[in-house]
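Below is one structure; the comments refer to it alone.
These values consider heavy atoms only, across backbone and side chains, with no hydrogens, waters or symmetry-generated copies.
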Amino acid sequence: MPFSDPTVDGATIQEASDVALARGASVRRTLTELTAMSDGAGASGLGIPLVASTYYNLVLQDGPKQFCAALREAGVSGLIVPDLPLEEAGELQAAAAAVDVDLVLLASPATPPARLEEIARRARGFVYAVSLMGTTGERTTLADTAAGLAVRIKARTDLPVLLGFGISTPEQARQATTDADGIIIGAGVMRQVLDGAGPNDISAYLAAMRRAIDMG
């Protein structure tokens with residue numbers, strides 16, 4: 001969900017957020033459209049799980065309880081809030097759990113062992129492994145820190161570990177899933193959309209990623 005000050009995102013998602021906001025995108029509009037497609041019982045009508053990613057400022061607009069309830073009504077089953085510190089996540093985590101929404105926690109290459117243990121213990125759904133210390137965005141190579149981080153997390157949890165930040169090519173997807181269970185692609189998709197790609201183009205792009213993972 002676009003936000004006016006996406007602090008952990010690089011130039012591509014910043015641009016995409018600006019375009020979306022200028023065209024009228026909002027939390028309420030997004031959730032209203034998703035609710036119209038849901039099955040009426042809190043499940044997505046799209047046939048796939050939905051995970052929302054946004055910033056905590058937008059959660060606070062209505063409060064964690066109301067925000068999470070709206071997510072569930074719209075068929076969203078997971079939530080990523082990258083700017084929410086672990087020490088301050090308790091209220092949102094409780095609100096999300098109350099309506100069966102998984103609050104996904106993030107870990108980075110700089111996360112110390114004790115903190116990583118707590119993230120692994122409190123995470124729900126999957127753990128978001130941030131491949132490098134930096135912002136999101138397309139990169140020519142997968143960060144050297146990616147594999148080691150995935151291994152560290154997997155040693156502490158049975159949840160899937162998904163690697164994100166800087167993955168935008170099939171070869172990077174293949175490399176990432178050597179150690180991780182899956183990948184998160186944000187900027188790569190947004191760049192294609194900003195450059196004029198339509199649904200069929202995005203489908204082909206993601207299919208190429210999936211083939212690379214399966215072949216790897």
Closest approach of [X] and [Y], non-hydrogen atoms and distance?
X: Leu21; Y: Phe3; answer: CD1-C, 3.8 Å
X: Ser168; Y: Gly188; answer: CB-CA, 4.1 Å
X: Ala208; Y: Pro170; answer: O-CB, 3.9 Å
X: Ile167; Y: Ala176; answer: CD1-CB, 3.8 Å
X: Ala107; Y: Leu149; answer: O-CD2, 3.5 Å
X: Val127; Y: Ala123; answer: CG2-CB, 3.8 Å

Rounded distance (nearest 0.5 Å) linking atom [atom1] of [X] with atom [atom2] of [Y]:
X: Leu58; Y: Phe67; atom1: CG; atom2: CZ; result: 7.0 Å
X: Cys68; Y: Asp62; atom1: SG; atom2: CG; result: 11.0 Å
X: Arg156; Y: Arg152; atom1: CZ; atom2: CZ; result: 6.0 Å
X: Ile185; Y: Leu162; atom1: CD1; atom2: CG; result: 10.5 Å
X: Leu92; Y: Glu88; atom1: CG; atom2: CD; result: 11.5 Å
X: Leu50; Y: Leu46; atom1: CG; atom2: CG; result: 5.5 Å

If you count every heavy atom of other residues, nucleotides or ligands that lies below 6.0 Å from [X] atom [atom1], does the total exceed 12?
X: Asp158; atom1: CG; value: no
X: Lys65; atom1: NZ; value: no
X: Glu91; atom1: CD; value: no
X: Gln66; atom1: CD; value: no

Output, in order, the C-alpha distance, side-chain angles, deciding distance and verdict of side chain to side chain contact (heavy atoms under 4.5 Å, CB included) for Val76 and Leu34. CA-CA 8 Å; Val76 177; Leu34 289 175; 4.0 Å; yes

Keeping the roles fixed (side chain from [X], backbone from [Y]), state whether a donor-acceptor pair exists under 3.5 Å.
X: Asp195; Y: Gln192; result: no
X: Arg122; Y: Ala120; result: no
X: Arg174; Y: Met215; result: no
X: Asp100; Y: Ser77; result: no
X: Ser203; Y: Pro199; result: no
X: Glu117; Y: Pro113; result: no
X: Ser38; Y: Thr35; result: yes

With a 4.5 Å cut-off on side-chain heavy atoms, are [Y] and [X] touching?
X: Leu71; Y: Val99; answer: no
X: Pro82; Y: Tyr55; answer: yes
X: Thr111; Y: Ile119; answer: yes
X: Leu79; Y: Val81; answer: yes
X: Leu86; Y: Glu118; answer: yes
X: Thr177; Y: Ile183; answer: yes
X: Glu15; Y: Arg191; answer: yes
X: Val27; Y: Gln61; answer: no

Can [Y] be reached from [X] by stepping across I, L, V, M, F, W or Y side chains whose heavy atoms are under 4.5 Å apart?
X: Met37; Y: Leu31; answer: yes
X: Ile202; Y: Val19; answer: no
X: Val189; Y: Leu194; answer: no

**OP:** Verify the distance criterion only: is there a donor paired with an acceptor across the side chains of Gln14 and Asp18 at less than 3.5 Å?
**Re:**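 No donor-acceptor contact under 3.5 Å links the two side chains.
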
Looking at Arg29 and Glu33, is there a salt bridge between them, counting it only when a charged N and a carboxylate O are closer than 4.0 Å?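 Counted as a salt bridge, because a side-chain N and a carboxylate O are separated by less than 4.0 Å.
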
Check your understanding: Thinking salt bridges, do Arg115 and Glu87 make one under a 4.0 Å N-O criterion?
Key ->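 Result for this pair is yes, salt bridge flagged.
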
Which residue is it: Asp102, Val104, Thr157? I am looking for the one with a side-chain contact (heavy atoms from CB on, under 4.5 Å) to Phe126.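 Looking at Asp102, Val104, Thr157, the match for Phe126 under the side-chain contact (heavy atoms from CB on, under 4.5 Å) is Val104.
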
Take Ser26 and Met1 through the test side chain to side chain contact (heavy atoms under 4.5 Å, CB included) and record every step on the way to the result.
CA-CA 7 Å; Ser26 69; Met1 296 180 181; over 6 Å; no

- Item | Check against side chain to side chain contact (heavy atoms under 4.5 Å, CB included), Ile80 and Leu103 | CA-CA 6 Å; Ile80 302 169; Leu103 180 62; over 6 Å; no

